[in-house]
Amino acid sequence: MGVVTTTAKEPKQDRSRATRQRLLAAAVACLAEHGWAGSTVSVVAERAGVSRGAAQHHFPTREDLFTAAVEYVAEERSQALRALPGQGRAAVVAALVDLYTGPLFRAALHLWVAASDEEQLRPRVTELEARVGRETHRIAVELLGADESRPGVRETVQGLLDMARGLGLANLLTDDTARRERVVAQWAALLDEALG
């Protein structure tokens with residue numbers, strides 16, 4: 001019997017990892033563009049340039065694929081936020097709002113709507129949303145230099161995130177950039193007052 005070396009496994013592991021990442025990126029893009037009804041494993045596999053069988057090897061069910069995709073991109077965004085250099089509050093507010101106005105938010109929204117109608121998907125999406133929400137709040141507190149031991153600060157930060165989500169919803173149907181920029185500037189000023 002021959003001995004399998006680690007170098008022989010690494011290329012296969014690298015290919016597998018690359019395939020998985022292509023599937024996750026394709027799933028988010030499909031969900032954002034076509035919604036839940038138009039995003040099937042076959043559509044995602046085709047967009048990722050892999051066979052349906054390869055997609056199902058990595059993600060046995062449609063629910064596995066799409067919840068993993070939203071979680072993967074949310075983690076990527078969290079890492080990007082954590083990597084922001086020290087900036088003023090206006091830049092932080094703008095970066096947080098950007099989380100809710102891009103394709104990830106659109107994809108997550110489609111997943112939320114699907115979860116509201118599909119019992120097998122709901123618990124997974126609810127748990128995912130709670131985890132992503134806690135992490136986003138934690139990062140926002142850190143980036144804003146907010147002291148949550150002060151009364152009202154936690155609610156102020158959560159209000160910012162809720163407002164950002166609302167701006168994301170407003171942006172779904174029309175380009176809301178000009179109004180959003182004014183709102184972001186106002187919220188940054190309000191946060192300066194509220195957070196000191």
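These numbers come from the heavy atoms of this one structure, side chains and all, not from hydrogens, waters or symmetry mates.
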Asks: Check the pair L24 / F59 against side-chain contact (heavy atoms from CB on, under 4.5 Å), numbers first and verdict last.
Replies: CA-CA 10 Å; L24 294 172; F59 304 100; 3.5 Å; yes
Asks: With the threshold set at 4.0 Å, does a side-chain nitrogen-carboxylate oxygen contact exist between E127 and R131?
Replies: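 Result for this pair is yes, salt bridge flagged.
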Asks: Using a 6.0 Å distance limit plus a 45 degree cone around the ring axis, check whether R62 lies over the aromatic ring of W36.
Replies: yes
Asks: At their closest point, which heavy atom of R17 faces which heavy atom of D14, and how far apart are they?
Replies: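 Heavy atoms of R17 and D14 come nearest at NH1-OD1, 3.1 Å.
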Asks: When hydrophobic residues are tied together by side-chain contacts of less than 4.5 Å, even through go-betweens, does V157 share a cluster with L190?
Replies: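 In one cluster with V157: L190, no.
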Asks: Do the side chain of T136 and the main chain of G133 share a donor and acceptor less than 3.5 angstrom apart?
Replies: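 Answer holds: no.
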Asks: Indicate the atoms forming the closest heavy-atom contact of A74 with V132, along with that distance.
Replies: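 So the minimum-distance heavy-atom pair works out to CB-CG2, 3.9 Å.
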Asks: Does the pair R22 and V50 meet the rule for a side-chain contact (heavy atoms from CB on, under 4.5 Å), with working shown?
Replies: CA-CA 9 Å; R22 281 198 322 272; V50 303; 3.2 Å; yes
Asks: Could you tell me whether R124 and D64 have a side-chain N and a carboxylate O separated by less than 4.0 Å?
Replies: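 Counted as a salt bridge, because a side-chain N and a carboxylate O are separated by less than 4.0 Å.
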Asks: Find the distance between OG (S149) and CZ (R154) and round it off to the nearest 0.5 Å.
Replies: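 Reported value, rounded in 0.5 Å steps: 12.5 Å.
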Asks: Under a single-linkage definition using a 4.5 Å side-chain heavy-atom cutoff for Ile, Leu, Val, Met, Phe, Trp and Tyr, are V113 and V70 assigned to the same hydrophobic cluster?
Replies: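 In one cluster: no.
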Asks: What pair of heavy atoms forms the shortest contact from F105 to Y100, and how long is it?
Replies: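 F105 and Y100 have their closest heavy atoms at CD2-O, 3.1 Å.
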Asks: Say you draw a straight line from CG of L99 to CG of L167; how long is it, rounded to the nearest 0.5 Å?
Replies: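 Spacing of CG (L99) from CG (L167) equals 12.5 Å.
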Asks: So if you build clusters from Ile, Leu, Val, Met, Phe, Trp, Tyr with side-chain heavy-atom gaps below 4.5 Å, do L65 and V43 land together?
Replies: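 Different hydrophobic clusters.
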Asks: Could you check whether any side-chain heavy atom of Y72 comes within less than 4.5 Å of a side-chain heavy atom of V28, counting everything from C-beta outward?
Replies: no
Asks: Minimum heavy-atom separation for R180 and N171, please, with both atom names.
Replies: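 Closest approach of R180 to N171, heavy atoms only: NH1-OD1, 3.0 Å.
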Asks: Hey, could you give me the CD1/CZ distance between I139 and R134, rounded to the nearest 0.5 Å?
Replies: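 It is 13.0 Å, given to the nearest 0.5 Å.
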Asks: With the threshold set at 4.0 Å, does a side-chain nitrogen-carboxylate oxygen contact exist between D147 and R150?
Replies: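 R150 and D147: not salt-bridged.
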Asks: Step by step, work out the side-chain contact (heavy atoms from CB on, under 4.5 Å) result for T61 and Q56.
Replies: CA-CA 7 Å; T61 69; Q56 288 182 307; over 6 Å; no
Asks: Please examine the side chains of T67 and L121, heavy atoms only from C-beta on, and report whether any two atoms are closer than 4.5 Å.
Replies: yes
Asks: Do T101 and R106 come close enough that some side-chain heavy atom pair is under 4.5 Å?
Replies: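 The answer is no, as the side chains (C-beta and beyond) never meet within the 4.5 Å cut-off.
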Asks: Please name the pair of heavy atoms, one in T19 and one in H58, separated by the smallest distance, quoted to 0.1 Å.
Replies: CG2-NE2, 3.7 Å
Asks: Quick check: does any side chain N or O of R89 sit under 3.5 Å from a backbone N or O of L144, one acting as donor and the other as acceptor?
Replies: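 Yes: the side chain of R89 pairs with the backbone of L144.
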Asks: Taking atom types as modelled, is there a side-chain donor on H137 or E148 under 3.5 Å from an acceptor on the other?
Replies: yes
Asks: Side-chain heavy atoms under 4.5 angstrom apart, residues restricted to Ile, Leu, Val, Met, Phe, Trp, Tyr: same cluster for W112 and L31?
Replies: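 Yes, because W112 and L31 connect within a single hydrophobic cluster, where side-chain heavy atoms sit under 4.5 Å apart.
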Asks: Where the side chain of R47 meets the backbone of A26, is there a donor-acceptor pair that is under 3.5 Å apart?
Replies: no
Asks: Which pair of heavy atoms, one from H110 and one from A32, lies closest together, and at what distance?
Replies: NE2-O, 4.0 Å
Asks: What is the distance from atom CE of M163 to atom CD of Q158, rounded to the nearest 0.5 Å?
Replies: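 Reported value, rounded in 0.5 Å steps: 11.5 Å.
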Asks: For side-chain contact (heavy atoms from CB on, under 4.5 Å), just list the numbers for E46 and R52, CA-CA rounded to whole Å, side-chain angles, deciding distance to a tenth of an Å, and then say yes or no.
Replies: CA-CA 8 Å; E46 183 178 330; R52 180 181 166 89; over 6 Å; no
Asks: Nearest 0.5 angstrom please: E181 CD to Q186 CD, how far?
Replies: 14.5 Å
